[in-house]
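Remember, predicted model here, so these are calculated numbers, not experimental data. Lettering follows sequence order; numbering is per chain, from 1.
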Number of protein chains: 2
Amino acid sequence: MWRDETGRSLADYPHPSVAVDVALLTVVDGTLHVALHRREGHATGELALPGTFVRIDERLADAALRALRDHLEVTGRSPEQLRVFDDPHRDDRGRVLAIAHVDLVDRGVLPTGTETAAVDTCPTLAFDHGAMVAAAAEHVRARHRGSPDPAGLLGAEFTLAELQGLHEAVAGGPLPKDTFRRHVLGDLEPTGGLRTGVVGKPARLFRRAGEPGQPPV
Amino acid sequence: MWRDETGRSLADYPHPSVAVDVALLTVVDGTLHVALHRREGHATGELALPGTFVRIDERLADAALRALRDHLEVTGRSPEQLRVFDDPHRDDRGRVLAIAHVDLVDRGVLPTGTETAAVDTCPTLAFDHGAMVAAAAEHVRARHRGSPDPAGLLGAEFTLAELQGLHEAVAGGPLPKDTFRRHVLGDLEPTGGLRTGVVGKPARLFRRAGEPGQPPV
DNA sequence: ACAAAAGTGTTAGTGTTACACCCATGT
DNA sequence: ACATGGGTGTAACACTAACACTTTTGT
């Protein structure tokens with residue numbers, strides 16, 4: 001264990017606690033929602049993002065996964081770091097830095113009954129979690145403007161209509177059909193399959209370019 | 001002071017220390033450089049970014065300013081948060097999370113004799129500071145692709161040639177003159193002044209649109 | 001036959017790139 | 001006069017947005 005010239009280790013100096021919070025976004029009824037839970041312990045009953053304190057030997061990503069597991073019973077995702085929230089009074093238990101994370105998942109990975117709220121009409125949340133939700137929504141919206149289904153919600157194969165539905169839900173409004181198709185087509189390749197069975201012309205299936213599927217001959 | 005049900009405060013739980021590090025970028029000889037210093041105390045003699053531990057009641061921005069003042073004698077800037085570096089073994093004194101920051105300043109604000117290194121051919125640095133420099137360079141390059149002189153290095157008035165020189169230094173390569181002018185012209189307004197005295201046609205002076213100068217009648 | 005959904009042709013407008021050239025000044 | 005650096009005209013090309021249309025299915 002390292003000691004400084006006065007014999008103290010790093011932990012002997014007073015320093016902020018560190019928490020992670022995760023804005024787990026999902027699409028419900030065609031609009032972007034965030035998964036919430038009701039706090040127990042401190043601030044009992046308030047709606048909040050799943051979060052936890054970072055243990056001394058834990059990576060941020062692992063702490064974020066632990067928060068999702070403990071508060072929402074969700075596993076196996078990979079939240080992305082957003083930024084640090086550092087208002088000295090954001091938590092009245094003491095000085096706590098919070099590192100906000102985001103991820104976007106299919107509704108199916110949330111246990112039935114999980115509480116969610118639309119990101120654009122979010123109720124008051126504990127701490128500064130409202131600001132985190134806003135930052136998270138802005139983040140995923142920016143990513144979805146740049147590439148088709150960056151979070152891989154749709155699985156390996158999907159139709160252009162399914163993809164457009166997802167992007168409209170994320171963006172929070174309708175997108176023009178023809179422009180949207182031509183915009184994303186460059187990043188997709190047809191699998192050759194068709195989605196059939198419903199009324200209307202069968203839709204071609206696509207996958208993101210450069211993914212498994214048939215490897216090139 | 002808040003206590004949990006076992007009578008402990010937050011500080012009684014073992015938790016990571018938190019540091020800030022600042023990649024202070026500047027332009028030297030037409031290329032993007034980063035200001036460095038030689039460490040004293042732990043890791044004596046190694047080249048590193050200016051950094052410091054965050055005090056328990058201090059905001060990240062204030063800690064970053066303190067690091068700049070103590071290690072580089074630079075004051076009055078406003079570094080921007082980049083992201084958290086959290087490898088558990090990045091500091092052999094114990095568990096230390098580092099929140100990297102960036103800023104871009106005129107060479108003139110650095111005391112003469114300040115050590116700098118070109119970001120693209122950076123020597124080995126202490127901790128994971130090499131990765132921070134790479135992230136910082138990518139960040140300012142992205143910002144400079146989007147708007148003219150976002151850091152305000154050039155002051156209130158400048159010619160298009162001066163602006164282009166700055167952007168070429170940041171980008172790390174030449175930019176086509178005519179395209180560059182037309183690209184930035186939408187975000188600038190002419191002040192009416194001319195830069196004269198040197199050989200060649202006098203250059204018009206510009207300012208960023210929506211800044212002091214003459215207020216509209 | 002008809003509704004529903006997929007998919008395309010076309011056009012107008014806008015932005016990008018690069019070539020070439022003209023303009024105003026100091027020496 | 002001429003070198004130096006500032007500034008612009010123009011044409012090819014690509015991208016975007018919107019309209020209207022054709023195609024292929026289930027009922």
Side-chain angles (χ1 to χ4, degrees), chain A residues 27 29-30 141-149 153-209 213, chain B residues 27 29-30 141-149 153-209 213:
Chain A
V27 173
D29 298 333
R141 283 174 172 156
R143 284 183 70 80
H144 281 249
R145 260 174 259 132
S147 67
D149 186 19
L153 246 68
L154 296 178
E157 292 193 340
F158 45 85
T159 69
L160 288 176
E162 290 161 0
L163 181 63
Q164 181 170 355
L166 168 65
H167 278 252
E168 288 178 335
V170 170
L175 299 169
K177 184 176 71 157
D178 47 5
T179 300
F180 177 79
R181 309 173 81 81
R182 289 189 249 247
H183 187 64
V184 297
L185 224 47
D187 297 327
L188 301 177
E189 46 195 33
T191 67
L194 295 176
R195 172 86 78 231
T196 177
V198 287
V199 61
K201 180 170 171 176
R204 287 187 293 162
L205 293 171
F206 293 83
R207 62 168 156 263
R208 278 170 288 279
Chain B
V27 173
D29 298 334
R141 283 176 173 154
R143 282 183 72 77
H144 281 250
R145 259 174 258 133
S147 68
D149 186 20
L153 245 70
L154 295 177
E157 292 193 339
F158 46 85
T159 68
L160 289 177
E162 290 162 1
L163 181 64
Q164 182 170 354
L166 167 65
H167 279 251
E168 288 179 335
V170 170
L175 299 169
K177 184 176 68 157
D178 47 6
T179 300
F180 177 79
R181 308 173 82 80
R182 287 189 251 248
H183 186 65
V184 297
L185 224 46
D187 297 326
L188 301 178
E189 47 195 33
T191 67
L194 295 175
R195 172 85 80 232
T196 177
V198 288
V199 63
K201 180 170 172 176
R204 287 188 291 164
L205 293 171
F206 293 85
R207 62 170 155 262
R208 278 170 289 278

Minimum-distance pair of heavy atoms, taken over all atoms of A/V170 and A/R141: O-NE, 2.7 Å
Under 3.5 Å donor-acceptor pair, B/R195 side-chain atoms to D/dG7 base atoms: no
B/D149: which of B/H167, B/R208, B/H144 passes side-chain hydrogen bond (donor to acceptor under 3.5 Å, both in side chains): B/R208
Atom pair distance, as rounded to whole Å: NZ in A/K177 and P in D/dC21: 14 Å
Closest heavy-atom pair and its distance - B/F206, B/T191: C-CG2, 3.8 Å
Distance in angstrom units between A/L185 CG and D/dT16 P, rounded: 13 Å
Out of D/dT4, C/dT17, D/dG26, whichever nucleotide has its closest atom nearest the side chain of B/V199: D/dT4
Residue A/R204, side-chain atoms from C-beta onward, closest of C/dT8, D/dG6, D/dA17: C/dT8
Between C/dA5 (C1') and A/F180 (CZ): distance, integer Å: 16 Å
NZ/NE/NH1/NH2 to OD/OE distance under 4.0 Å, A/E162 and A/R195: yes
Which nucleotide in C/dA18, D/dG6, D/dT16 has an atom nearest any side-chain atom of A/H183: D/dT16
Between P of C/dA5 and CD of A/E162, the distance in whole Å: 13 Å
A/D178, nearest nucleotide to its side chain (from C/dT17, D/dC19, C/dT25): D/dC19
Options D/dG7, D/dT25, C/dG7, nucleotide nearest the side-chain atoms of B/A203: D/dG7
Length of the CZ-P vector between B/R145 and C/dT16, whole Å: 15 Å
Inter-residue atom distance B/E168.CD - B/K177.NZ, 0.5 Å rounding: 11.5 Å
Separation of atom NZ in B/K201 from atom P in C/dC22, rounded to whole Å: 13 Å
Distance, rounded to the nearest Å, where B/L205 contributes CG and D/dG6 contributes P: 12 Å
Base C/dG9 to side chain A/R182, donor-acceptor N/O within 3.5 Å cut-off: yes
Closest nucleotide among D/dA17, C/dA18, D/dG26 to the A/T196 side chain: D/dG26
Gap between atoms CG and P, on B/L188 and D/dG6 respectively (whole Å): 15 Å
